[in-house]
> 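Take this structure first; my questions come after.
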Amino acid sequence: MPELPEVETIARGLAKRVIGDVIESVWLGSKPEPLKSPAKEIAKVLEGSRIADVQRVGKHIVFDLDRVVRTPPSAKKKSSAKGDHPEKAQWVVHLGMTGRMLVNDPTDELAKHTHLVATLKSGRELRFVDPRRLGRLSVAYGFEPGGKEPLDVSLQDFIPLFRGRKTPIKSALLNQKLLRGVGNIYADESLFRTGVRPTRKAASLKKDDLARLHPAIQEVLREAIKLGGSTVSDYVDSDGEEGFFQLQHRVYGREGELCLVCRTPIKRVVIAGRSSHYCPKCQK
DNA sequence: ACTATGTCCTGCGAGC
DNA sequence: TGCTCGCAGGACATAG
């Protein structure tokens, strides 16, 4: 579901409401799929931790946690024991297609497919809900997923990402090891604004194509963030609010409808198993 | 090292 | 009304 603008919107909303709060207890559901780290470790690291920051990294939500690791009294006299010491840890959340991270009042009804509830000192709850269970929860100590941040990458660093790649440019844009955060909607929208067909081999794009693609991606992502992301079927932010960028989509989800520039019907093809939309006249 | 394909899940709407 | 089918914002494992 969520791509960079949606995750950014969620992370900003969460930051406003939970920074400084302390996770008092964690409830984990019985379904193991959403857990990338062992359940015991997630519960252990989260419980008692203070949320120092919430940030988006690619499509991940990263909670920076400050926690005090307590050494059991029995171990204190041993020479190897360090005693109580602060530790930096991160709670990393990937929402997959249908994941939601919500701030709730404890009296709010528990949604179906709730896999985690973190009770906060303030009395509120952080809830992770994910019907398809393609999302993932983990803890890390220095999270670094690789790939370049699309909003930060310079043109100089952007151009070589596609050198020698025979895969369609659409697939390359979805490859999180190259750029982290671009997904199906924003790949299609960026390529439309660039005038490049999604089926073109990545390596076939000339320097001037890439010099247009680079700002097009950033423009689309920035505009989408401004509008709170795209709600196609069920995306909502941490307050349960929908986004509005879907009203600005020029090709995504518009198969058979007329191109807003040239009135040619928008085409849909499947690339790497994903629906891809383009204008056959505007995109070469 | 790169690339194409299948798989993980549930829910929804279209079509019959 | 009820059924089946295809499709969905993502990422990985696997095989070539």
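Letters A, B, ... mirror the listed sequences (proteins, then strands); counts begin at 1.
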> Expressed as a whole number of Å, how far does the P atom of C/dC3 sit from that of B/dC9?
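My reading of the P atoms in C/dC3 and B/dC9 gives 24 Å.
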> Over all strands shown, is A/R274 touching base, sugar-phosphate only, or nothing at heavy-atom distances under 4.0 angstrom?
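Result for A/R274 = base.
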> Taking CZ from A/R136 and C1' from C/dA11, how many angstroms apart are they, rounded to a whole number?
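Rounding to the nearest Å, CZ of A/R136 and C1' of C/dA11 are 9 Å apart.
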> Does atom CD of A/E149 have more than 12 heavy-atom neighbours from other groups under 6.0 Å away?
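More than 12 within 6.0 Å, yes.
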> Would you say B/dC8 has OP1 or OP2 under 4.0 Å from some side-chain N or O of A/R132?
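It does not, given that no N or O in the side chain of A/R132 lies less than 4.0 Å from OP1 or OP2 of B/dC8.
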> Whole Å only: how far is the CD1 atom of A/I61 from the P atom of C/dG10?
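Those two atoms, CD1 and P, are 14 Å apart.
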> Is A/H94 close enough to C/dG10 that one of its side-chain N or O atoms is under 4.0 Å from OP1 or OP2 there?
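For A/H94, the contact criterion (side-chain N or O under 4.0 Å from OP1 or OP2 of C/dG10) is not met.
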> Return the pairing partner of C/dT14 with a 3.5 Å limit on both distances, Watson-Crick or G-U wobble; otherwise return none.
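Check on C/dT14: paired to B/dA4, both distances under 3.5 Å.
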> Taking the inter-plane angle between the rings of A/F143 and A/H60 on a 0 to 90° scale, is it parallel (under 30°), tilted (30 to 60°) or perpendicular (over 60°)?
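Plane angle over 60°, so perpendicular.
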> When you check the side-chain N and O atoms of A/Y235 and A/E3, is any donor under 3.5 Å from an acceptor?
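Short answer, no.
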> Take atom P in C/dG6 and the same atom in B/dG6, then report the distance between them in whole Å.
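About 14 Å, rounded to a whole number of Å.
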> Write down the distance between CZ (A/R100) and P (B/dG11), rounded to a whole number of angstrom.
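It works out to 12 Å between those atoms.
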> Quick check: are there more than 12 heavy atoms from other residues, nucleotides or ligands sitting under 6.0 Å from NZ of A/K31?
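At most 12 heavy atoms, drawn from other residues, nucleotides or ligands, come within 6.0 Å of this atom.
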> So if I take every side-chain heavy atom of A/L134 and compare against B/dC9, B/dA4, B/dG11, which nucleotide ends up nearest?
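For the A/L134 side chain, the nearest candidate turns out to be B/dC9.
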> To the nearest Å, give me how far apart CZ (A/R163) and C1' (B/dA1) are.
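After rounding, the gap between these two atoms is 17 Å.
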> Nearest whole angstrom, please: distance from the C1' of B/dC8 to the CD of A/E33.
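Going from A/E33 (CD) to B/dC8 (C1'), I get 8 Å.
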> What is the nucleic acid contact for A/K177, judged by heavy atoms within less than 4.0 Å: base, sugar-phosphate only, or nothing?
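Nothing, no heavy atom under 4.0 Å.
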> Just call it for A/Y252: base, sugar-phosphate, or nothing, with non-hydrogen atoms closer than 4.0 Å on any strand.
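Sugar-phosphate, no base atom in range.
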> Taking CD in A/E144 as the centre, count heavy atoms belonging to other residues, nucleotides or ligands within less than 6.0 Å. Is the count above 12?
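Counting neighbours around CD of A/E144, more than 12 heavy atoms of other residues, nucleotides or ligands fall under 6.0 Å, so yes.
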> In terms of side-chain heavy atoms of A/T167, which of B/dT3, C/dA11, B/dG11 is nearest?
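Among the listed nucleotides, the one closest to the side chain of A/T167 is B/dT3.
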> Mind checking A/S275 for me? I need base, sugar-phosphate or nothing, with any heavy atom below 4.0 Å counting as a touch.
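If one applies the 4.0 Å heavy-atom cut-off, A/S275 turns out to touch the sugar-phosphate alone, with no base involved.
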> Can you tell me how far C1' of B/dT10 sits from NE2 of A/H115, to the nearest Å?
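It is 10 Å, rounded to the nearest whole Å.
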> Are more than 12 heavy atoms from other residues, nucleotides or ligands located less than 6.0 Å from atom NZ of A/K284?
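Yes, because the 6.0 Å sphere around NZ of A/K284 holds more than 12 heavy atoms from other groups.
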> Measure the distance from CG on A/L35 to P on B/dC8 and round it to the nearest whole Å.
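Distance check: A/L35 CG to B/dC8 P gives 19 Å.
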> Does a side-chain N or O of A/K59 approach OP1 or OP2 of C/dA11 to a distance below 4.0 Å, or not?
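For C/dA11, OP1 or OP2 has a side-chain N or O of A/K59 closer than 4.0 Å.
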> What's the CG-P distance between A/N175 and B/dA1, to the nearest Å?
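To the nearest whole Å, that distance equals 14 Å.
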> Do any side-chain nitrogens or oxygens of A/S171 fall under 4.0 Å of OP1 or OP2 in B/dT3?
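Result: no.
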> On the nucleotide B/dT3, are OP1 or OP2 found under 4.0 Å from the side-chain N or O atoms that A/R165 carries?
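Checking A/R165 against B/dT3: at least one side-chain N or O falls below 4.0 Å of OP1 or OP2.
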